[in-house]
There are 2 protein chains.
Amino acid sequence: MVTLKDVAKKANVSPSTVSRVMSNSKDISENTRKKVTKIMDELGYVPNITARKLVTNQSNTIGLVLKTISIEMRQNPFFTEVLTSISSVCEEKRFSTIMTTSYTSEDLLNEVKALVLSKAVDGFILLYSMENDPIYKYLVDNEVPFVVIGKKINNDPNVMFVDNDNIEASYNLTKYMSGLGHRSLLFLSENNTYEVNKDRLTGFLKVCKEDNIQHKYVNEVVSRDEITNLLINEDIRKNYTGIVTTDSMLNLNLLSALYKLNVNIPDDIQTCTFTDSYLSESACPPQTVVNIYPENLGKIAAKSLLEILQKEDAVMHSSIIPTSIIERDSTKQLKS
Amino acid sequence: MVTLKDVAKKANVSPSTVSRVMSNSKDISENTRKKVTKIMDELGYVPNITARKLVTNQSNTIGLVLKTISIEMRQNPFFTEVLTSISSVCEEKRFSTIMTTSYTSEDLLNEVKALVLSKAVDGFILLYSMENDPIYKYLVDNEVPFVVIGKKINNDPNVMFVDNDNIEASYNLTKYMSGLGHRSLLFLSENNTYEVNKDRLTGFLKVCKEDNIQHKYVNEVVSRDEITNLLINEDIRKNYTGIVTTDSMLNLNLLSALYKLNVNIPDDIQTCTFTDSYLSESACPPQTVVNIYPENLGKIAAKSLLEILQKEDAVMHSSIIPTSIIERDSTKQLKS
DNA sequence: TTGAAAGCGATACCAA
DNA sequence: TTGGTATCGCTTTCAA
């Protein structure tokens, strides 16, 4: 194995010089730089990252903290898109990523602590936002740099948030439905623990009030069977003209339930949801959605964190990613 | 920050002793073990993994090599399930994982080389199998331990493969369709570059021949629109009673196309596919599938690799994961 | 069963 | 602009 010392010896310089060449230090002559670079190539030298980490005390990796939820959550296209964009930003800056794997909140906290204490990561990106989150608190208390993808909480000036304006997004989507002529809407949400769902409900209710739309919102009805029962109980075809879901996987289950009940979209009822992905694009039928641009959420989050980590003069700032509505076959103008 | 030396000093022992306690060395007295453990707890000592890596020259992380394909590939539930199960096995054994991020085969090879040369990983899991793969060759040539999830190639005794018997799986699925009374089937496949798709076609054709089933197989027709055109051209309702797809995302597009054409499943036509996941379970309607148990593929692959890495006496072996058919609403007995 | 000390391969400080 | 060298935190001989 070729080490820095080998290079130094062969090039007739000191280890420090070689190190400087690698870090692109500017106080080094063009001559020695060339010489050293050449030798490095000849020898096929590859720096040992571990050794570097030990002395710099920097891991050059960031931790990705996922929600403590079922495996299905991790298959949610929203996450894979965010994750992919984070990875590619990191890749560019020669950072690695490491993802949490815990399913209970207790395990998760411990996992994060272990990552911090063992110096395995330089910072975190939290892929959720939740009030009274012990992990949030731990990171703040221990001054570990991190950014949150999700809603701002506590108004802590030392924490960066990257989010959409979900109230607005939901307001726009509902307003769009209202514009199509809907006067009775059903709103389905997985739960109301996370901030994002609260906001989407808020936006929905605002339009309902403004435009005098009959409505009902239901939480925690998630599986295909549960939804089927709900649709039957609500006599869906008769009492509603549209259904809004907060999530693309929930929407998937809804469509499956409607298919089972032989309710046609958009003729018998119309549907729309949040978070665009192949799931919505290739649904039965393709769904009108709010695109929240997960790839931008991830990109900005990663860039912001890396900036904090690498630049002295980086300035804390939160970001709001704009959203847009994509119209597809699941909605259309209602005949009056 | 608490280091091993701090613990040693406080416990009045040497660093070596503390190190031995951590590694569960057996030549250490019960007394000192207890004493040291207690101090470690008191001080909240967490070993610095980086330092350990440097001296042991082991990274305790394994590299996951993904196909060089579009982002959609990474959203395929098959991958997320395999990945999740690999991660959880690694987590248990205190290994980390690192995933490749390259999209071109050239970049991918370089990424793998860099991982090897910088000692960033101890071994790899390849999440695909392909003939004449330069990465495969590189790993073999450089004696890097790895296991392949996918079909055995080259019959190399020094490489471990974990796979399903896809010929058999496809045979069984097609036989099942035949048993329902189907006598004309359409077979859709994304491509025939990877071994897995070749095998699935082979199994399909075998049954068609045995049971005298009219059939047609089509590659590279993937998007919703392409499929829609195909279905129209083939006059699908009239000429076929069933459609087999090789992949759950392809199946998703098929269902969307059928929905658009107002073709009902299973009344107008029946469908089935490979790889179970929420996509198939919550489809319109839920799909009959071959479960290839991605979680077991990942689990066995990870366990096999870790065994090689950790145990002296580990013995090379390839594994075949059994498959099974899950019957759902998309198929039923055909009335004759 | 324990301790002393020599590294592992980089970086970074202090001198020159 | 360069070199010498202590150092990061741990493991691992070798000796006691």
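Order of the sequence lines fixes the chain letters, A, B, ..., with proteins taken first and strands second; residue numbering starts at 1 for each chain.
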Distance alone, cut at 3.5 Å: any donor-acceptor contact between the side chains of A/Tyr128 and A/Asp133?
yes
Please report the distance, rounded to the nearest Å, between NZ in A/Lys5 and P in D/dA6.
12 Å
Select base, sugar-phosphate, or nothing to describe what B/Asn31 touches, counting heavy atoms under 4.0 Å on all strands.
nothing
Tell me whether the OP1 or OP2 atom of D/dT2 has a side-chain N or O from A/Ser16 closer than 4.0 Å.
no
Should we say atom NZ of B/Lys35 is surrounded by more than 12 heavy atoms from elsewhere, each under 6.0 Å from it?
yes
Any heavy-atom pair between the side chains of B/Val159 and B/Val147 that's under 4.5 Å?
no
Counting any heavy atom closer than 4.0 Å, what does A/Asp6 reach on the DNA or RNA strands: base, sugar-phosphate only, or nothing?
nothing
Residue met sooner reading DNA chain C from 5', once B/Thr56 and B/Ile28 are mapped to nucleotides:
B/Ile28
Base, sugar-phosphate or nothing for A/Val18? Non-hydrogen atoms, less than 4.0 Å.
nothing
When you get a sec, tell me which of C/dG9, C/dT1, D/dT11 is the closest nucleotide to the side chain of A/Leu54?
C/dG9
First locate atom CD of B/Glu131, then atom CD of B/Glu195, and finally report the distance between them rounded to the nearest 0.5 Å.
4.5 Å
Would you classify B/Thr17 as touching base, sugar-phosphate or nothing, given that sugar-phosphate means primed atoms plus P, OP1 and OP2, and contacts are heavy atoms under 4.0 Å?
sugar-phosphate
Per A/Val13 side chain, nearest of listed nucleotides C/dG3, D/dG3, D/dC10
D/dG3
Measure from CG on B/Asn60 to P on C/dC8 and round the result to the nearest Å.
20 Å
A/Asn12 CG to D/dG4 P, in whole Å, measures 11 Å
Distance check needed: C/dT1 P versus B/Asp27 CG, whole Å only.
6 Å
Nearest to the side chain of B/Val55, which nucleotide is it out of C/dT2, C/dA10, C/dG7?
C/dG7
To the nearest angstrom, the CZ-P distance between B/Arg52 and C/dG9 comes to 18 Å
What is the distance, to the nearest angstrom, from the CD1 atom on B/Ile49 to the P atom on D/dT11?
11 Å
Compare the minimum distances between each of D/dC10, C/dT11, D/dT2 and the side chain of B/Ala51, then state the nucleotide with the smallest one.
D/dC10
B/Thr61 side chain near B/Thr97 side chain, heavy-atom distance below 4.5 Å:
no
Find the distance B/Leu4:CG to D/dT11:C1' and express it as a whole number of Å.
9 Å
Whole-Å distance separating the OH atom of B/Tyr45 from the P atom of D/dG9:
10 Å
Across the strands shown, which category fits A/Thr3 at heavy-atom distances under 4.0 angstrom: base, sugar-phosphate, nothing?
sugar-phosphate
Return yes if the base of C/dA10 and the side-chain atoms of A/Thr50 contain a donor-acceptor N/O pair under 3.5 Å, otherwise no.
no
For a quick check of understanding: with a heavy-atom distance under 4.0 Å over all strands, which category does A/Asn48 fall into, base, sugar-phosphate or nothing?
sugar-phosphate
Could you verify whether a donor N or O on one side chain and an acceptor N or O on the other, from B/Asn31 and B/Ser29, lie under 3.5 Å apart?
no
